[in-house]
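One structure is given here, and the rest of the page talks about it.
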Number of protein chains: 2
Amino acid sequence: MPTSEDENQYFKHTASESEFLRWYRAQHPSIDRSPLLTVDDVLISYRKKEDELKLLLIQRDTHPFKGSWALPGGFVLPKEAMETCCIRNTFEETGVQLTRTDIEQLYCFSEPDRDPRGWVVTVSYLAFIGKEEPLTKGKEARNACWFTLKRVNNHLILTYQDIRIELDLVTKRSIGEDRLAFDHDQIILTAYERILHQMYNNPRILLVLGSQFTISEARKVFAQILGIDFRLIDHSNFKKSMLKYFKEIGESPTGIGRPSKIYQLEKPSGSIL
Amino acid sequence: MPTSEDENQYFKHTASESEFLRWYRAQHPSIDRSPLLTVDDVLISYRKKEDELKLLLIQRDTHPFKGSWALPGGFVLPKEAMETCCIRNTFEETGVQLTRTDIEQLYCFSEPDRDPRGWVVTVSYLAFIGKEEPLTKGKEARNACWFTLKRVNNHLILTYQDIRIELDLVTKRSIGEDRLAFDHDQIILTAYERILHQMYNNPRILLVLGSQFTISEARKVFAQILGIDFRLIDHSNFKKSMLKYFKEIGESPTGIGRPSKIYQLEKPSGSIL
DNA sequence: TCAATAGTGTCTCTCAGACAATATGAG
DNA sequence: CTCATATTGTCTGAGAGACACTATTGA
């Protein structure tokens with residue numbers, strides 16, 4: 001039973017959240033018998049200039065969680081592979097174009113009450129963006145923004161202008177005023193743990209540096225992840241331990257100080273873990 | 001539209017597979033628009049007497065893949081958490097009782113054509129069984145058997161009586177006559193890779209030894225996973241590197257040779273990776 | 001020239017692996 | 001006693017971390 005576009009718009013945007021939920025559940029009578037499947041994408045990038053990690057969030061303009069910030073993602077189309085869905089949704093909502101090798105599966109979240117609309121199961125993916133593309137407004141006209149991601153002690157802090165979202169690594173909960181939609185705080189924390197664990201054996205996180213980078217840039221990315229001053233990571237030791245993952249491709253004559261060599265990631269090696 | 005039990009039985013057991021599939025898809029008209037969600041469980045145990053790893057498989061007595069061997073698992077009930085489903089299904093089909101801390105999520109498999117019935121997405125779980133409980137015939141009367149699991153070179157070999165299923169670790173494909181149902185070969189290979197990767201940092205695999213074990217028993221389990229003679233693993237070095245995960249709880253006066261000490265796993269530590 | 005940055009070299013400590021020596025119990 | 005099995009100890013080489021030194025460029 002297709003609904004009129006007007007009705008759709010009204011409930012998604014204008015109605016109250018409880019009105020919306022009543023309407024939505026009437027539209028999907030089977031939602032408590034058979035799950036809806038969604039994909040959520042954790043996209044990480046890094047700006048060399050500002051030495052800041054970024055995480056892509058969109059502001060929801062529809063119920064539920066209207067106005068809240070959330071990970072990009074959405075419903076899987078009929079018989080669509082999850083990876084395809086992840087790539088499609090990311091492009092539609094943010095303009096960022098991914099490929100299959102960019103993304104790695106993170107975790108399936110399936111708590112029955114994680115979505116107020118009913119039974120919605122999500123599979124989360126993680127990707128590192130090397131070249132930060134301009135963000136476009138998706139067809140759903142959602143705002144997509146790169147939030148700054150910082151670790152301070154046992155907290156992850158996401159900021160964009162005056163918005164500040166804080167996640168506790170120990171209790172795995174959000175803290176403070178601004179909250180993320182759904183259980184996206186848990187998804188982000190899971191992504192963070194994944195990055196932390198694979199840093200030294202499979203430093204995919206360095207894909208945020210794009211096709212080439214210097215040792216010091218890599219050190220800075222590591223320091224951002226760990227939430228420490230990059231000078232605490234010894235240049236010499238870091239180089240020794242990471243060189244097996246790098247390939248030297250040239251020398252950079254730019255900037256102050258002794259010119260640094262330029263490296264590539266040897267093999268971005270699909271996520272083994 | 002509920003169907004009669006007779007009709008159900010006929011199509012699941014007596015009809016041809018193609019007849020069954022036509023009927024099944026008619027019963028689930030939305031199967032190509034909205035996915036069905038299943039859980040598949042990789043259960044591993046170990047028999048000290050025979051020094052053999054075991055993997056639990058059930059023989060399907062219904063279409064599709066009637067007669068083939070498959071992982072235990074099944075459809076998630078309305079608004080049921082996946083973990084609950086995993087535990088429930090395993091008990092129903094095999095009589096093995098798990099708890100939440102026993103299981104760890106493995107991967108979500110979602111290739112659109114992985115199930116001939118239509119769009120069926122599965123989340124796989126991995127568990128290590130310390131005490132091998134007697135297998136009971138589930139309500140679906142499926143045969144549940146512990147297959148012997150051996151690694152030989154780059155193959156995993158599952159055997160039970162005259163049944164021999166061979167999986168290639170490199171190509172990630174089944175080889176030979178006997179094949180597993182669905183993409184369960186891939187699920188088992190994914191589980192094997194997970195075990196291999198977490199062996200030295202989080203040896204959950206040793207949960208197959210139950211509440212207490214000796215160093216040599218742990219060595220033997222490791223050797224089985226690696227597919228090598230256990231004497232190739234130096235007792236002294238192995239002990240040194242693993243002792244941080246063990247707690248000494250006594251001495252075993254039984255058997256030939258110098259009595260060995262008995263250990264427990266320090267903290268079975270939920271799967272970090 | 002100095003400050004800033006990056007590359008190189010050295011020393012130590014730890015840990016894994018190879019291997020030797022010792023302890024215990026069954027036969 | 002001998003053999004099988006476990007434990008304990010020693011030696012060495014690789015790698016991580018602390019730290020000192022050298023090289024190159026801009027101001």
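None of the values given here were measured: they were computed from a predicted structure. Here is how names work: the chains are called A, B, and so on, in the same order as the sequence lines, proteins then strands, and each is numbered from 1.
- Aromatic ring centres of Y245(A) and Y200(A) lie farther apart than the 6.0 Å criterion allows.
- In this entry the distance linking NZ of K239(A) with C1' of dC21(D) reads 15 Å, nearest Å.
- Here the nucleotide nearest the side chain of S241(A), chosen from dT24(C), dA16(D), dG7(C), is dA16(D).
- When the P atom of dG7(C) is taken as reference, atom CD1 of I262(A) falls 11 Å away, rounded to whole Å.
- With the nearest nucleotide of DNA chain D identified for both T214(B) and E251(A), T214(B) has the one nearer the 5' end.
- When each of dT8(D), dA6(C), dT25(D) is scored by its nearest atom to the side-chain atoms of P259(A), the top-ranked nucleotide is dT25(D).
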Polar atom pairs between nucleotides 9-12 of chain C and protein, under 3.5 Å, N or O only, would you list them?
{"unit_1": "dG9(C)", "atom_1": "O6", "unit_2": "S236(A)", "atom_2": "OG", "d": "2.6"}

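- In this structure a side-chain-to-backbone donor-acceptor pair under 3.5 Å is missing from N201(B) to Q198(B).
- A donor-acceptor pair under 3.5 Å links the side-chain atoms of Y192(B) to the main chain of I225(B), judged by distance alone.
- Spacing between atom CD1 of I233(B) and atom P of dT7(D) amounts to 15 Å, rounded to whole angstrom units.
- Remark: H235(A) is in phosphate contact with dG7(C), judged by side-chain N or O atoms under 4.0 Å from OP1 or OP2.
- Taking every side-chain heavy atom of S216(A) into account, dA6(C) is the closest of dT24(C), dA6(C), dG7(C).
- Residue whose closest nucleotide on DNA chain C sits further toward the 5' end, between I215(A) and G257(A): G257(A).
- Between R258(A) atom CZ and dT24(D) atom C1' the separation is 6 Å, expressed in whole Å.
- Between the R194(B) side chain and the L106(B) main chain, a donor and an acceptor come within less than 3.5 Å of each other.
- With respect to D51(B) and K220(B), no salt bridge is recorded, no charged nitrogen being found less than 4.0 Å from a carboxylate O.
- K244(A) places its NZ atom 10 Å from the C1' atom of dA14(D), with the value rounded to the nearest Å.
- Of all nucleotides listed (dT25(D), dT8(C), dG25(C)), dT25(D) comes nearest to the side chain of I256(A).
- Distances shown here put every side-chain N or O of K261(A) at or beyond 4.0 Å from the OP1 or OP2 atom of dG7(C).
- Remark: T90(A) OG1 to I129(A) CD1 distance equals 7.5 Å, nearest 0.5 Å.
- In this structure, I195(B) and L126(B) have side chains that are in contact, with non-hydrogen atoms separated by less than 4.5 Å.
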